[in-house]
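Report on one structure; see the data block that follows.
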Amino acid sequence: MGSAITTIHIIYLLGVVCILLSMALRKEAVFPCIIFIFLIGLVGGQSVIAGIQAVFQTILHGAINFMDIIVTITLVTALSKLLNALGSDRIMMEPGARIIKSPSSAYWIIGITMMVASFFLWPSPVVALIGTMLLPIAVKVGLPAMSVAIAMNIFGHGIALSSDLFIQGAPSITADAAGLSPSDITMAGIPLFITMSVVTSVAAFLFLRKSMVKSSEPVEPVRNGNSSRLAIIVAIATPLLFVGDIVAMFLLDLKGGDASSLVGGTALLILCAASVAAYKKDAFDNIAEYLRQGFLFGIKIFSSVIVIGGFFFLGGEGITSILGENFAGYSGILSD
């Protein structure tokens with residue numbers, strides 16, 4: 001239908017404005033999304049029933065599109081909880097902890113570690129993995145806890161997730177809505193990504209320098225001398241296997257869902273193998289419990305994203321597949 005503006009376009013635009021206002025006011029945008037999805041279904045389908053069905057169908061579509069990311073985060077989170085239980089996470093973080101000697105080094109080392117890990121494991125589970133281990137070290141050398149949180153978010157959720165250069169799960173969401181390939185989105189965003197990365201990380205460091213206080217207290221190693229042989233083996237094997245995933249991604253040109261499935265599958269197999277070695281006959285129950293904890297975390301952080309993402313999927317080419325052929329004439333509302 002070209003770029004002709006219809007009532008559906010106006011409703012969608014009002015919905016976008018309400019979502020942005022909600023974000024500006026630091027309110028959850030789920031409720032406005034639900035209301036405007038209903039209105040689009042009501043007007044486009046010309047019935048209350050169509051509006052009600054639109055809400056469910058849109059949320060379902062959002063859940064399906066985000067499911068590979070949710071499952072990846074779930075499996076990595078489950079693995080991180082096992083690593084914590086075994087003490088392997090402390091061993092993995094020890095090299096970084098040993099070279100943190102000042103507030104400035106704490107900022108950059110924690111940030112870069114967070115960024116590298118987030119490129120391949122996603123930021124949300126990495127926050128728990130790295131934060132638990134390195135936060136006490138950073139605070140002891142004079143970097144306030146809030147500054148640690150800022151560094152982790154800038155380098156993890158900011159730099160790593162906004163570019164998502166390797167797994168390309170986030171760009172694939174935007175690409176699907178725009179009818180492009182993930183690599184098109186990634187390549188086009190590189191100048192913005194580099195500018196954002198340098199400006200935000202350096203600016204934050206300069207602003208935070210006022211709160212950095214050099215501490216004279218000696219920093220104790222993260223690991224004690226009682227680490228089990230299994231914890232050490234798992235701590236060595238886990239990063240090596242994920243490095244193998246990275247190599248496979250480059251050699252086989254795996255991106256998007258293919259890369260996510262490789263990372264998630266590796267995390268699950270490590271979880272199973274380490275659980276069998278650690279818990280023996282109780283491994284069946286422990287594996288299930290770690291997965292439950294992982295899914296609780298994954299669904300919790302994505303519950304709002306699914307609804308909001310569903311609303312924006314309506315603005316792309318997917319409106320027909322979401323709401324049916326009656327909406328075929330409204331494809332591309334957002335670009336219009």
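Computed from a predicted structure; not experimentally measured.
Using modelled atom types and a 3.5 Å distance limit, the side chains of H9 and T6 yield a donor-acceptor pair.
Side-chain atoms of K27 never come within 3.5 Å of backbone atoms of A24 as a donor-acceptor pair (strictly under, hydrogens ignored). Listed for the N65 side chain is a donor-acceptor partner under 3.5 Å among the backbone atoms of H61. Using modelled atom types, one side-chain atom of Y107 and one backbone atom of S201 make a donor-acceptor pair closer than 3.5 Å. A side-chain donor-acceptor contact under 3.5 Å links S303 to the backbone of K300.
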Full working for side chain to side chain contact (heavy atoms under 4.5 Å, CB included) between L271 and L268
CA-CA 5 Å; L271 170 67; L268 181 57; 4.1 Å; yes
Could you go through F193 and I159, starting from their C-alpha distance and side-chain angles, then the distance that decides it, and tell me whether this counts as side chain to side chain contact (heavy atoms under 4.5 Å, CB included)?
CA-CA 7 Å; F193 160 68; I159 296 175; 3.5 Å; yes
Under the criterion side chain to side chain contact (heavy atoms under 4.5 Å, CB included), I'd like the reasoning laid out for L14 against L39: C-alpha separation, chi angles, the key distance, then a yes or no.
CA-CA 11 Å; L14 290 174; L39 292 175; over 6 Å; no
Run the side chain to side chain contact (heavy atoms under 4.5 Å, CB included) test on S118 and L161 for me, step by step, so that the C-alpha distance in whole Å, both residues' side-chain angles and the decisive distance to 0.1 Å come before the verdict.
CA-CA 7 Å; S118 298; L161 186 58; over 6 Å; no
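In this structure, the separation between CD1 on I69 and OG1 on T74 is 11.5 Å, given to the nearest 0.5 Å. Distance check: T113 OG1 to L134 CG gives 6.5 Å after rounding to the nearest 0.5 Å. I40 contributes atom CD1, which lies 8.0 Å from atom CG of L323 (distance to the nearest 0.5 angstrom). Between the OG atom of S197 and the CG atom of L192 there is a distance of 8.5 Å, given to the nearest 0.5 Å. A distance of 12.0 Å separates OG in S105 from CH2 in W108, rounded to the nearest 0.5 Å. Here CG of L291 is found 11.0 Å from OG1 of T77. Values are rounded to the nearest 0.5 Å.
Using a 4.5 Å cut-off between side-chain heavy atoms of Ile, Leu, Val, Met, Phe, Trp and Tyr, with links allowed through other members, I301 and I308 fall into the same hydrophobic cluster. Following chains of ILVMFWY side-chain contacts shorter than 4.5 Å, one can reach F155 starting from I99, so the two form part of one hydrophobic cluster. Neither L21 nor I10 shares a network with the other; the hydrophobic side chains, linked directly or stepwise wherever heavy atoms of I, L, V, M, F, W or Y lie under 4.5 Å apart, form separate groups for each. In the hydrophobic clustering of this structure, I49 does not group with I8; members are Ile, Leu, Val, Met, Phe, Trp, Tyr whose side-chain heavy atoms approach within less than 4.5 Å, directly or through other members. A single hydrophobic cluster is not seen to contain both L82 and L296; linkage of ILVMFWY side chains at heavy-atom distances under 4.5 Å, directly or through other members, places them apart.
Looking at every heavy atom in both residues, L262 comes nearest to A248 through CD2-CB, 4.0 Å. Residues S104 and F205 come closest through the heavy atom pair OG-CZ, 3.6 Å. The minimum heavy-atom distance between S275 and I287, with the atom names listed, is CB-CG1, 3.5 Å. R292 and D285 make their closest contact through NH2-O, 4.5 Å (heavy atoms, listed as atom of the first residue, atom of the second, distance). Across all non-hydrogen atoms, the minimal contact from I270 to F242 is CD1-CE1, 4.1 Å. Across every non-hydrogen atom of L86 and A231, the tightest pair is O-CB, 3.3 Å.
The side-chain heavy atoms of L314 and F36, taken from C-beta on, include no pair separated by under 4.5 Å. Counting heavy atoms from C-beta on, the side chains of I100 and I110 come closer than 4.5 Å. Counting heavy atoms from C-beta on, the side chains of D245 and L241 never come closer than 4.5 Å. You'll find the side chain of M249 reaches within 4.5 Å of the side chain of V263, heavy atoms only. Looking at heavy atoms from C-beta onward, I64 lies out of side-chain contact with F313 at the 4.5 angstrom threshold. Side-chain atoms of I73 and F302, non-hydrogen and from C-beta on, do get closer than 4.5 Å to each other.
With ring centers used as reference points, F311 lies under 6.0 Å from Y12.
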